[in-house]
Amino acid sequence: MSDPTSIPTLTLNNGVTMPALGLGVFQSEPQETTAAVEAALATGYRHIDTAAGYGNEAQVGEGIRRSGLERADVFVETKVWVSDYGYEQTLHAFDKSATKLGLEQIDLLILHQPMPQHFERTVQAYGALETLTADGRVRAIGVSNFRPHHLTALLEQTQVVPAVNQVELHPYFTQPDVQAANAEHGILTQAWSPIGGITFYPGWGENRTSALADATIAAIAQAHGKSPAQVMLRWHLQQGRSAIPKSIKPSRIAENFAVTDFTLSDEELARLDALDTGRRGGPDPDAVDPSTWDLSIPEA
Ligand code: NDP
């Protein structure tokens, strides 16, 4: 096992601390998820990122229980899906997620998407998160896929500044405007697809260029005797972001955790920053609507 304390700890805007590196489980099939979580916790990970919409919260909870770790030693993050937005609906969404995870308290609960066409429901959902954190059922709250104007609109209508904004962020899409807005408001930027998963996962469109196959990243990786995935994760950590790489393969889970024994130079960080294409791999948060995804979250 690697040393869990080798991974930097980030302090959120309400004082709660969170390991910067976590295991993501989007597209981890339920039957693969428990083993992936167990492998990650055995490796030294102490942070798991799931979502109601991933359909694998119960298996995440099972992996945590099988690890034998104390509850307080694992930081659990999950997300409320848009079909559960609304004050009462989102309170109930917490109950569904907590029951499936087998946890009384969730460390970080975030809204999975803004719902621009129904922003009042997004605000009501966030109001429920504020209640849940005031009641101690959730230790920190946040958002995901919020662009700067969504943050502005939310902050105008709510009290608690989100602790985290989880957004698509890899060398091909770095969203400097979102990172700046997050920093301005004291919101931690958390990278999804931190090694560019959305640039290569199958079935998501043709003519994609995989960040994992990038020549600049490969050259930097070779110079350090590390892999392209490790270089991208190191870039996130050195720039103060949280990153939640997904894998179901124990060797890659371990590889993605072994990122604290080398340092990228300022020049290398700048070369990675310069790979930004300004083109997102995922959907534009302003173009989505509940009807975009036909997904409702089952009862626990
Ligand atoms: P990642 O950038 O984490 O890439 C994951 C892909 O890379 C998988 O196909 C995985 O395959 C493969 N992989 C993992 N490690 C390595 C490695 N070392 N070398 C080569 N290939 C590797 O993409 P994700 O989109 O999954 O993002 C990570 C997490 O972010 C998600 O799991 C989820 O928790 C979150 N997320 C949040 C979203 C949101 O809207 N808030 C949207 C998308 C993701 P394999 O498993 O076979 O190893």
Side-chain angles (χ1 to χ4, degrees), residues 20-33 35-37 39-40 43 45 47-57 59-60 63 75-82 108-115 142-147 150 162 164-175 178 188-205 208 210-214 217-218 221 226-236 241-259 280-285 287-288 292-293 295:
L21 194 77
L23 177 77
V25 296
F26 175 45
Q27 301 184 109
S28 301
E29 295 297 330
Q31 64 275 14
E32 300 162 337
T33 302
V37 169
T43 299
Y45 289 67
H47 174 181
I48 311 290
D49 176 72
T50 182
Y54 301 166
N56 56 20
E57 287 173 308
Q59 290 76 17
V60 167
F75 189 95
V76 181
E77 174 174 2
T78 193
K79 315 183 188 81
V80 181
W81 185 241
V82 292
L108 176 59
L109 185 62
I110 66 178
L111 300 185
H112 206 140
Q113 299 272 347
M115 245 208 295
V143 296
S144 176
N145 298 307
F146 271 49
R147 299 182 62 184
H150 303 128
V164 165
N165 186 12
Q166 182 185 116
V167 296
E168 179 182 344
L169 213 163
H170 46 77
Y172 286 170
F173 191 57
T174 63
Q175 308 216 59
V178 174
L188 177 72
T189 301
Q190 185 174 54
W192 67 251
S193 275
I195 60 170
I198 191 108
T199 67
F200 58 81
Y201 34 66
W204 285 61
R208 301 188 149 230
S210 166
L212 273 179
D214 184 90
I217 300 173
K226 299 299 256 184
S227 70
Q230 289 171 323
V231 164
M232 286 187 261
L233 294 169
R234 185 72 209 166
W235 168 72
H236 289 294
R241 292 184 290 274
S242 171
I244 43 170
K246 175 263 179 185
S247 181
I248 53 162
K249 299 186 172 66
S251 62
R252 288 177 172 175
I253 289 170
E255 174 186 330
N256 295 345
F257 198 75
V259 293
R280 63 177 74 247
D284 181 342
V288 299
T292 308
W293 291 281
L295 179 65

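Each ligand, and each atom within it, is numbered from 1 in the order the structure gives.
The contact set between ligand 1 and Tyr201, taken as ligand atoms under 4.0 Å from a residue heavy atom, comprises 24 (P), 25 (O). In summary, the atoms of ligand 1 found under 4.0 Å from a heavy atom of Pro245, numbered by their order in the structure, are 3 (O). Interface of Val25 with ligand 1, defined as ligand atoms under 4.0 Å from a residue heavy atom, comprises 32 (O), 34 (O). Heavy-atom proximity to Lys79, at under 4.0 Å, picks out these atoms of ligand 1: 41 (N). Under a 4.0 Å criterion applied to the non-hydrogen atoms of Ile244, ligand 1 contributes the atoms 28 (C), 29 (C), 30 (O), 35 (C). Per-residue contacts place His112 under 4.0 angstrom from the following atoms of ligand 1 (heavy atoms of the residue considered): 39 (C), 40 (O), 41 (N). For ligand 1, the atoms closer than 4.0 angstrom to any heavy atom of Gln166 are 35 (C), 36 (N), 37 (C), 38 (C), 39 (C), 41 (N).
When all heavy atoms are compared, the tightest approach of Ala52 to Thr78 is N-OG1, 3.6 Å. Shortest non-hydrogen contact noted between Ala51 and Asn56 is O-OD1, 4.5 Å.
His236 places a side-chain N or O within 3.5 Å of a backbone atom of Pro194 that can act as its donor or acceptor partner. At distances below 3.5 Å, not a single donor-acceptor pair connects side-chain atoms of Ser28 with backbone N or O atoms of Thr33. The backbone N or O of Phe146 sits less than 3.5 Å from a side-chain atom of Asn165, completing a donor-acceptor pair. Between the side chain of Thr199 and the main chain of Ala211, a donor-acceptor pair closer than 3.5 Å is present. The closest donor-acceptor contact from the side chain of Ser242 to the backbone of Gln190 lies at 3.5 Å or more, if one exists at all. Checking side-chain atoms of Arg241 against main-chain N and O of Thr189 turns up no donor-acceptor pair under 3.5 Å.
Between Ala191 and ligand 1, a contact under 3.5 Å exists for no N or O pair.
Using a 4.5 Å heavy-atom cutoff, the side chains of Ile198 and Arg208 are in contact. Residues Pro171 and Asp214 are not in side-chain contact: their nearest non-hydrogen atoms beyond the backbone lie 4.5 Å or more apart. Between Ser227 and Asn256, the closest side-chain pair of non-hydrogen atoms is not below 4.5 Å. At a threshold of 4.5 Å between non-hydrogen side-chain atoms, the residues Gln59 and Val37 do not count as touching.
Atom 34 (O) of ligand 1 has its closest protein heavy atom at Asp49 OD2, 2.6 Å. If you check which protein heavy atom lies closest to atom 12 (C) of ligand 1, you get Arg252 NH1, 3.8 Å. Taking atom 42 (C) of ligand 1 as the reference point, the nearest protein heavy-atom neighbour is Trp192 CD2, 3.2 Å. Distance from atom 24 (P) of ligand 1 to its nearest protein heavy atom, with residue and atom name: Ser193 OG, 3.6 Å. With hydrogens left out, the protein atom closest to atom 20 (C) of ligand 1 is Leu212 CD1, 3.5 Å, a heavy atom. Here the heavy atom of the protein found nearest to atom 7 (O) of ligand 1 is Phe200 CZ, 3.3 Å. Among all protein heavy atoms, the one lying closest to atom 14 (C) of ligand 1 is Lys246 O, 3.0 Å. Shortest contact from atom 47 (O) of ligand 1 to any protein heavy atom: Lys249 NZ, 2.4 Å.
Just one of Tyr54, Phe26, Trp192 meets the ring-ring contact (aromatic ring centres under 6.0 Å, His included) condition when paired with His112; it is Tyr54.
Under 4.0 Å from ligand 1, not a single heavy atom of Gln230 appears. Contact annotation for Asn145 and ligand 1: only side-chain heavy atoms (C-beta onward) come within less than 4.0 Å of the ligand. Contact annotation for Ala229 and ligand 1: only side-chain heavy atoms (C-beta onward) come within less than 4.0 Å of the ligand. Residue Pro194 touches ligand 1 through backbone and side chain together, judged by heavy-atom distances below 4.0 Å.
Comparing Ala254, Pro228, Gly197 by heavy-atom distance to atom 2 (O) of ligand 1, the nearest is Gly197.
The pair Asp49-Lys79 meets the salt-bridge criterion, since a charged nitrogen lies less than 4.0 angstrom from a carboxylate oxygen.
Ligand 1 has no atom lying under 4.0 Å from any heavy atom of Glu168. Taking 4.0 Å as the cut-off, Gly196 counts as a neighbour of ligand 1 on heavy-atom distance.
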